[in-house]
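One structure is given here, and the rest of the page talks about it.
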Amino acid sequence: MDDINLADALEGASAIRDAELFSADKGHLKRRTFAIISHPDAGKTTLTEKLLFESGAIRLAGQVKERGERRRTRSDWMEIEQKRGISISSSVMTFEYDGLVLNLLDTPGHADFSEDTYRTLTAVDSAIMVIDAAKGIEAQTLKLFEVCRLRDIPIITFVNKIDREGRDPLEILDEIMSSLALDVTPVTWPMGMGTDFRGIVQVGAQGPVRLTRNTRERVEFASLDAFAADPTLATDPIFGPSIEGLEIARGTLPAFDVDAYRSGHLTPVVFGSAMREVGVRDLLDAISTFAPSPLPQPALPAAIQPSGKEVSGFVLKIQANMDPNHRDRIAFVRLTSGVFKRGMRLKNVRTGKDMKVSAPMFFFARDREIADEAVAGDIVGIPNHGTLSVGDTLTEGSTLTVTGIPSFAPEMIRRVRLPDAMKVKQLQKALNDLAEEGVIQVFRPVIGSSWLVGVVGALQLDVLVSRLAVEYGVEIMLEAAPFDTARWVDTDDAAELDRFVKANQGDLARDREDRPVFLARNSWELSYAQKNYPAVRFTATRERH
Ligand code: G4P
């Protein structure tokens, strides 16, 4: 199975989906909407693939005969991906496990391009954190974890690659506890690691436990105590120390507490190997048993209850030009309440305009299928021509506004230079599209005419230049701007804001929604402005609406 990759595997997924599953009568209580957070290379892709296999969403049979054809399709796709420099293939993967509908939202893996990832995390109810057993908590994991913590998103940890030499399991648990300030409870425990790897045992199980080395090698014991006390194992040079570690963990760590997990204070930890398919079923069981169904969505004037009758949802992501021949533009909408039906009219609260949603889609990686019904927790794709933006709230009529979808202050600012002045209109449209998609932020200086673009990571700049050329036929150059950072400015005291704006015209710009943004040359200038205008708030994160 190891030679099947995710792209191949996903293509088979559509054939064996159970259409029945997505009917609304399964209800939001049957949904588990989650994302995987990890540092690049920890094994997110491999784990995703194995989750799909293990749940039966993809089968091996029938995959082989079309192999050549699929390879070709895949490499075509990857060419676009390479040109765009980011992963664009799979945004949502929906599959069934244990009578539940699991919606796995993909987060772009690139360490440099994380704004999209942050927004994805606002649309999930729980997350899986994948850690490499040899490397422990890495920079990107920590960053993403902090975002999860802002919303107290419950996290299940998968310690991957225990088939390789890794750190001692107790040491890994200790690192999770100390660097993330989380309680930990092991779900499985490894017996040896690397070449000494002998299998995992279920820690929390009442009754019989299995020692699982791979899909074929399982040995059952009457209980965990019986396993730990087995004299041949206890004296074994590999099992002995592992059992000792297990006993220390059992004696010192708290028992699993579902409330502590759901409030984001405790993480169950599965030790496993995605590649060897060890612990993957334990992980799926942990998701289906512990992970919460859709939670209330923070909104104004009041949180949206998933059991509410009125259909509501919000746009978490826009993908434009997925297919360069068709200039399509899809808004990914997470439903937050009600039973959505195809053909419904929904109102975009930001613009006040109604739209008939006649071709909503479910996404199965690259595969799309018309969605007839969907409930809270589901992600549907709505094709549109620019009417929807990231952060928009859709309802059947109420003026609710979903909150908590952040924009981040750019950390790099560049001036856009357009050599061909005839293309100024195209440039304007393209920048606007890409800003709506969340690829870049666009600022118009109060004084001067050239556009400024702001990004969080350098890769976004490459993506911008290449997409402008490939998709809009506009060649641009990016020049250094004298600014280092930007802050949205805001105050309760209108006169004070006025005074600030008048005095700082040269350093002010407007964002896409015409909000004032202060551009600072360096951090000293920013703190100087903050000191001089104590009534003005300078914010690095802004909610979209
Ligand atoms: P990512 O999406 O988080 O970036 O990680 P990905 O799944 O691509 O895995 C990164 C590398 O780690 C891959 O190796 C993958 O095969 C390997 N890997 C994933 N899970 C395990 C595991 O449980 N055990 C071991 N030993 N390795 C694992 P690669 O050499 O970069 O690619 P490939 O040639 O194997 O495809």
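The figures here come from the full heavy-atom set of this structure, side chains too, leaving out hydrogens, waters and symmetry mates. Counting starts at 1 for both ligands and their atoms, in listed order.
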(Q) Between P169 and M193, is there a side-chain heavy-atom distance shorter than 4.5 Å? (A) yes
Q: Take T232 and D230 through the side-chain hydrogen bond (donor to acceptor under 3.5 Å, both in side chains) test and state the conclusion after the steps.
A: CA-CA 6 Å; T232 54; D230 187 311; 2.6 Å; yes
For [atom], what's the nearest protein heavy atom and its distance?
atom	result
atom 4 (O) of ligand 1	D41 N, 2.7 Å
atom 27 (N) of ligand 1	M275 SD, 3.6 Å
atom 15 (C) of ligand 1	T46 OG1, 3.9 Å

Are there protein heavy-atom neighbours of [atom] below 4.0 Å?
atom	value
atom 12 (O) of ligand 1	yes
atom 23 (O) of ligand 1	yes
atom 34 (O) of ligand 1	no
atom 1 (P) of ligand 1	yes
atom 20 (N) of ligand 1	yes
atom 31 (O) of ligand 1	no

Q: Might you work through the salt bridge (Lys or Arg N to Asp or Glu O under 4.0 Å) test for R167 and D174, ending with a clear yes or no?
A: CA-CA 11 Å; R167 296 200 204 156; D174 194 48; over 6 Å; no
Q.
Given G43, G194, S38, identify the one with the heavy atom nearest to atom 5 (O) of ligand 1.
A.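 Shortest heavy-atom distance from atom 5 (O) of ligand 1: G43.
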Quick one: does ligand 1 sit under 4.0 Å from the side chain of [X], the backbone, both or neither, non-hydrogen atoms only?
X	answer
D163	side chain
K161	both
S273	both
T45	both

Q: Using a strict 4.0 Å cut-off to heavy atoms of K44, name the atoms of ligand 1 that fall inside it.
A: 1 (P), 2 (O), 3 (O), 5 (O), 7 (O)
Q) Under 6.0 Å between ring centres, would you say that holds for F158 and F271? A)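 No, they do not, as the ring centres are separated by 6.0 Å or more.
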Q) Has ligand 1 got any nitrogen or oxygen that is less than 3.5 angstrom from a nitrogen or oxygen of G272? A) no
(Q) Please evaluate residues V269 and V187 with respect to the criterion side chain to side chain contact (heavy atoms under 4.5 Å, CB included), reporting the C-alpha separation (whole Å), side-chain torsions for both, the decisive distance (0.1 Å), and the verdict. (A) CA-CA 5 Å; V269 181; V187 174; 5.9 Å; no
Q) So, does R198 use its side chain to make a donor-acceptor pair with the main chain of D196 at under 3.5 Å? A)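 Checked: pair present.
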Q. Within the side chain of D125, is there an N or O that forms a donor-acceptor pair under 3.5 Å with the backbone of P292?
A. no
**Q.** Modelled atom types, side-chain donor and acceptor of N103 and T94, under 3.5 Å
**A.**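 A pair is found: one side chain offers a donor N or O, the other an acceptor, under 3.5 Å apart.
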Q: Quick one: sort the F34 and F95 rings into parallel, tilted or perpendicular, breaks at 30° and 60°.
A: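 Plane angle over 60°, so perpendicular.
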Q: Measure the spacing between CG of L431 and OH of Y472 and express it to the nearest 0.5 Å.
A: 9.5 Å
